[in-house]
Amino acid sequence: MVFSRSVRLWLLPNAVLLTALSLWGIVRYPHLPSRIPGHIGTNGVDEWTDRSVGSAFMPVFVHLGVTVLLTACAELTLRVTPQAELPDGAGPFGNALVRSSLKRPRTRASALRMARAVLVLNACTGLSLLIGCGALWRSAPEREVPGWLFVAMVAPMLAGTVLTVVASVRDRRTPVN
């Protein structure tokens with residue numbers, strides 16, 4: 001897929017986060033204990049797993065997968081024909097059905113806002129995973145994690161979600177010319 005200029009520019013923070021996560025993991029991996037957290041709940045580590053590339057780098061793999069998925073969503077959002085550009089002929093099942101049944105952006109500008117919001121959501125997800133790696137990649141196998149960790153991990157994803165919802169609501173309120 002050849003990315004549009006808008007997607008490439010807004011994908012840069014995600015590439016930086018993915019690179020930072022990968023490099024930090026590569027540097028930390030030799031110093032990890034033989035058992036690392038498999039799951040961190042609100043009360044600390046509640047599951048342990050043997051250290052392996054798969055278990056240690058799971059946040060990196062998750063961020064890579066989410067980046068691929070959300071980048072494709074952003075690119076496809078920019079490629080779909082906005083409602084404002086659909087022809088006005090209404091056959092029995094033609095354009096009227098297409099206009100009413102698909103949740104397409106109303107204008108090119110709103111499609112661009114939505115694509116950017118999705119890529120910012122992806123960057124917020126990467127930031128949350130980066131924060132979580134601070135607990136995952138510790139040198140000593142400690143059950144306890146700081147109380148602020150959960151809030152620090154959820155806050156960026158919540159902010160990205162709010163931004164995406166705001167962009168979507170704004171698009172729904174934009175009149176189709």
Side-chain angles (χ1 to χ4, degrees), residues 1 3 6-78 80 103 105 111-172:
M1 185 180 282
F3 301 121
S6 301
V7 170
R8 283 193 311 259
L9 179 65
W10 285 79
L11 191 57
L12 186 60
N14 296 301
V16 169
L17 278 167
L18 194 55
T19 302
L21 267 172
S22 300
L23 291 175
W24 187 24
I26 289 167
V27 168
R28 291 295 311 142
Y29 186 77
H31 307 288
L32 294 178
S34 61
R35 307 256 314 146
I36 61 173
H39 183 264
I40 301 172
T42 54
N43 294 327
V45 178
D46 52 17
E47 181 183 322
W48 296 90
T49 186
D50 293 331
R51 180 183 75 176
S52 69
V53 172
S55 62
F57 284 87
M58 184 56 66
V60 178
F61 300 146
V62 167
H63 185 50
L64 178 62
V66 170
T67 299
V68 168
L69 179 67
L70 292 182
T71 300
C73 289
E75 183 66 30
L76 292 173
T77 298
L78 293 172
V80 70
K103 298 295 184 196
L112 184 58
R113 275 193 302 273
M114 283 301 302
R116 288 176 176 171
V118 165
L119 293 173
V120 168
L121 173 61
N122 186 42
C124 291
T125 302
L127 183 59
S128 293
L129 290 169
L130 187 70
I131 293 167
C133 286
L136 179 66
W137 294 338
R138 296 180 291 179
S139 298
E142 300 170 20
R143 182 186 186 300
E144 294 163 4
V145 294
W148 53 264
L149 182 68
F150 177 75
V151 174
M153 286 184 68
V154 170
M157 286 191 284
L158 185 60
T161 302
V162 166
L163 180 68
T164 304
V165 169
V166 166
S168 180
V169 168
R170 185 175 176 190
D171 175 60
R172 293 291 103 191

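- Residues passing the side-chain contact (heavy atoms from CB on, under 4.5 Å) test with V145, sequence neighbours excluded: I40, V45, A135, R138, L149.
- Among residue pairs with one or both ends in residues 22-43, those qualifying as salt bridge (Lys or Arg N to Asp or Glu O under 4.0 Å) are R35-D50; sequence neighbours excluded.
- Listed by first then second residue, pairs satisfying side-chain hydrogen bond (donor to acceptor under 3.5 Å, both in side chains) with a partner in residues 59-70 read T67-N122, not counting sequence neighbours.
- Rounded to the nearest 0.5 angstrom, L163 CG and S168 OG are separated by 11.0 Å.
- Taking S22 as the reference, nothing meets the side chain to side chain donor-acceptor pair (under 3.5 Å) condition, with sequence neighbours excluded.
- Taking both residues in full, the closest heavy atoms of L21 and C133 are given as CD2-SG, 3.5 Å, listed atom of the first, atom of the second, then distance.
- W24 is linked by a ring-ring contact (aromatic ring centres under 6.0 Å, His included) to W137, counting only residues two or more places apart in sequence or in another chain.
- Of all non-hydrogen atoms in A117 and A167, the two that sit nearest each other are CB-CB, 3.9 Å.
- The two residues V118 and L70 make their nearest non-hydrogen contact at CG1-O, 3.5 Å.
- At least one side-chain heavy atom of L18 sits under 4.5 Å from a side-chain heavy atom of L64.
- In terms of heavy-atom proximity, M153 sits nearest to G132 at SD-CA, 3.5 Å.
- Taking CZ of R116 as the start and CG of L78 as the end, the distance is 9.0 Å to the nearest 0.5 Å.
- H39 is linked by a side chain to side chain donor-acceptor pair (under 3.5 Å) to D46, counting only residues two or more places apart in sequence or in another chain.
- A pairwise comparison of heavy atoms in T49 and G38 identifies CG2-CA, 3.9 Å as the closest pair.
- For A152, the side-chain contact (heavy atoms from CB on, under 4.5 Å) test picks out I131, W148, with sequence neighbours left out.
- Checked against side chain to side chain donor-acceptor pair (under 3.5 Å), T161 has no partners two or more places apart in sequence or in another chain.
- Annotation: ring-ring contact (aromatic ring centres under 6.0 Å, His included) contacts involving residues 113-132, sequence neighbours excluded, are absent.
- Applying the side-chain contact (heavy atoms from CB on, under 4.5 Å) criterion to V166, with sequence neighbours excluded, gives V162.
- Residues M114 and P105 fail the side-chain proximity criterion, which asks for heavy atoms closer than 4.5 Å.
- A search for side-chain contact (heavy atoms from CB on, under 4.5 Å) contacts involving Y29 returns L32, R51, V53, A56, F57, not counting sequence neighbours.
- To the nearest 0.5 Å, atom CG of residue N14 and atom CG of residue L127 are 10.5 Å apart.
- Each of L136, L17, V62 was compared with L129 under the side chain to side chain contact (heavy atoms under 4.5 Å, CB included) criterion, and only V62 meets it.
- For residues 145-165, the set of pairs meeting the salt bridge (Lys or Arg N to Asp or Glu O under 4.0 Å) definition, not counting sequence neighbours, is empty.
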